[in-house]
Structure formats: structure tokens, C-alpha cells
J.: 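Pasting a structure here, questions to come.
Atoms within a ligand are numbered from 1 in the order they appear, just like the ligands themselves.
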Amino acid sequence: MEALAGRTSVRHYKSQPVEAEKREQVANAFRLAPSARNLQNWKLLWVESPERKAKLRQASAGKSAMLEEAPAVLVAVGYSQDVMTNSHRVDTTDISIAMSYAILEAYELGLGTCWMASYSEEEVKKALGLPEGISVVAISPIGYPAEEKTVRPRKPLKEVFQVL
Ligand SMILES: Cc1cc2nc3c(=O)[nH]c(=O)nc-3n(C[C@H](O)[C@H](O)[C@H](O)COP(=O)(O)O)c2cc1C
């Protein structure tokens with residue numbers, strides 16, 4: 001609950017690199033997430049090459065500077081665009097869960113993240129040389145925060161929860 005309430009989106013980062021051990025712990029949190037039929041048709045990419053980060057920034061609709069400022073960018077990709085019985089896509093559902101695991105673990109390790117949807121999927125794929133048939137479901141910079149924490153409000157429980 002501390003991580004759930006304490007995590008916030010971080011949009012400014014120190015250049016200090018993330019230790020290999022922490023990188024692996026974040027990846028391991030992603031790996032442990034549940035997925036439909038346990039298929040795990042996903043991969044978490046840790047992008048740290050300055051050239052690739054610059055290309056990712058160009059692929060972001062608002063040219064988000066945080067993608068270059070952060071020492072690394074998480075890019076979560078899916079290998080199946082199948083639709084489940086409920087007609088929702090398996091990749092968006094599975095990878096949203098796994099990315100949440102990674103982001104919460106990152107918070108516990110003192111790292112900031114910011115879930116991002118403002119990017120062109122085609123341009124990200126081009127930037128990273130990803131083939132057809134792969135979807136880019138989520139992107140987030142990751143690194144040590146270089147800003148004061150801002151806690152953003154949530155709707156009250158009675159507005160978003162109902163016992164039937
Ligand atoms: C699906 C999704 C997409 C988002 N896309 C962006 C984005 O493109 N750029 C950005 O700066 N923040 C983005 N955010 C961050 C949200 O603005 C942020 O989570 C929200 O304002 C709540 O703030 P908090 O994360 O600090 O609690 C996104 C968040 C989610 C969950």
C-alpha cells in the first residue's frame with residue numbers, strides 16, 4: 001500500500017545510471033505478472049543508448065524531453081494481438097498489468113517512472129528496429145528523480161467503488 005499510494009509520475013531525471021542489480025529487479029517484477037492463459041507473450045526492453053533514446057524522443061508526440069533526460073527508457077512490447085473472449089486485446093491487458101508491476105518495483109527501489117502513451121507506435125518500432133507483428137504497449141522513462149514529489153489527487157472511494 002505504501003508503494004501504491006507513494007508512487008507518482010516523475011518527469012525530470014538525474015543522469016545517474018541505474019545499477020544493474022536494480023535494473024534486473026525491475027525486469028523481474030515485470031516477468032512475475034500474470035497473463036491470459038499464462039502465455040507471457042511480451043518482452044521488456046531497457047533502452048539506454050543515447051542514440052536510441054533520442055529517436056524515442058522524436059517518436060513522442062510532444063517530443064517528451066524526459067525520454068532523453070532519463071538514463072533509460074522502458075519499452076514494453078507484445079508478440080500477440082489476439083483478442084480475448086471479452087473482446088479486449090490480450091497484449092494491452094497483459095502488458096498493462098506487467099508494466100504496473102515493474103513501475104511499482106521501480107518505486108520501491110527509489111526510481112522514478114512516468115507511464116507514457118503519447119508516442120507513435122510506428123515511429124518507436126522504427127527507432128528500435130522492431131519487426132512487424134510486435135506491438136508497443138507502454139513506454140516509461142526510468143531513473144533517479146530530479147524533482148520534488150507531486151501527489152496528484154484521486155476521486156473519493158465512494159465515487160469509484162460500489163458494492164452490488
Ligand atoms: C495510460 C497512461 C498514459 C499516460 N501518458 C502520459 C504521457 O504521454 N505523458 C505524460 O507526461 N504522462 C502520461 N501519463 C501520466 C498521467 O498523466 C499520470 O499518471 C496522472 O496524471 C496521475 O498522476 P500520478 O501518476 O503522478 O499519480 C499517462 C498515464 C497513463 C496511465
Side-chain angles (χ1 to χ4, degrees), residues 1-15 18 22 25-27 29-30 32-36 41-48 50 52-81 83-84 86-128 130 134-161:
M1 191 47 84
E2 198 284 315
L4 295 172
R7 182 219 55 84
T8 59
S9 290
V10 172
R11 295 187 174 90
H12 291 287
Y13 294 86
K14 295 179 183 165
S15 55
V18 175
K22 290 192 177 184
Q25 270 175 267
V26 170
F30 182 95
L32 291 172
S35 59
N41 278 322
W42 55 29
K43 194 171 256 190
L44 182 65
L45 308 175
W46 182 282
V47 180
E48 57 184 15
R52 290 200 174 100
K53 285 194 299 168
K55 285 186 185 167
L56 287 180
R57 178 182 182 174
Q58 288 309 311
S60 74
K63 309 271 183 279
S64 297
M66 58 181 160
L67 291 172
E68 247 187 306
E69 192 182 285
V73 180
L74 299 174
V75 179
V77 302
Y79 291 82
S80 165
Q81 287 82 55
V83 168
M84 301 180 289
N86 65 8
S87 79
H88 290 267
R89 262 174 66 160
V90 71
D91 56 349
T92 47
T93 306
D94 286 350
I95 291 171
S96 295
I97 297 167
M99 192 68 166
S100 292
Y101 276 39
I103 279 175
L104 288 168
E105 177 61 15
Y107 173 79
E108 287 213 328
L109 296 169
L111 300 167
T113 55
C114 181
W115 193 300
M116 283 185 56
S118 56
Y119 61 86
S120 149
E121 187 173 18
E122 279 317 304
E123 283 182 42
V124 169
K125 284 172 69 170
K126 224 185 287 168
L128 302 180
L130 301 173
I134 286 186
S135 52
V136 180
V137 177
I139 285 190
S140 170
I142 185 164
Y144 290 98
E147 65 182 29
E148 288 300 311
K149 185 173 173 136
T150 306
V151 177
R152 298 168 182 99
R154 294 293 190 264
K155 292 178 179 178
L157 195 58
K158 63 175 177 352
E159 241 184 80
V160 298
F161 176 69

J.: Would you call K53 and P141 a side-chain contact if the rule is heavy atoms closer than 4.5 Å?
T.: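 Contact flag for K53/P141 side chains = no.
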J.: Using the ring-ring contact (aromatic ring centres under 6.0 Å, His included) criterion, which residues pair with F30? Sequence neighbours excluded.
T.: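 By the ring-ring contact (aromatic ring centres under 6.0 Å, His included) rule, F30 matches W42.
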J.: Kindly say whether V90 contributes a backbone atom to a donor-acceptor pair with the side chain of T93 at under 3.5 angstrom?
T.: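 No: the side chain of T93 does not pair with the backbone of V90.
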J.: For the backbone of A72 and the side chain of E48, can you confirm whether one donor and one acceptor N or O come within less than 3.5 Å of each other?
T.: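 The answer is no, because no donor-acceptor pair under 3.5 Å joins these two groups.
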J.: Is it the case that over 12 heavy atoms from other parts of the model lie below 6.0 angstrom from the NZ atom of K63?
T.: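 Atom NZ in K63 is crowded, with more than 12 foreign heavy atoms closer than 6.0 Å.
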J.: So does R11 get a backbone contact from the side chain of E147, meaning a donor-acceptor N/O pair under 3.5 Å?
T.: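 Checking the backbone N and O of R11 against the side chain of E147, a donor-acceptor pair under 3.5 Å is found.
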J.: Show the protein residues that qualify under the rule heavy atom under 4.0 Å from an atom of ligand 1, listing them in chain and number order.
T.: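 Near ligand 1, by chain and number: R7, T8, S9, R11, M66, C114, W115, M116, A117, S118, R152, R154.
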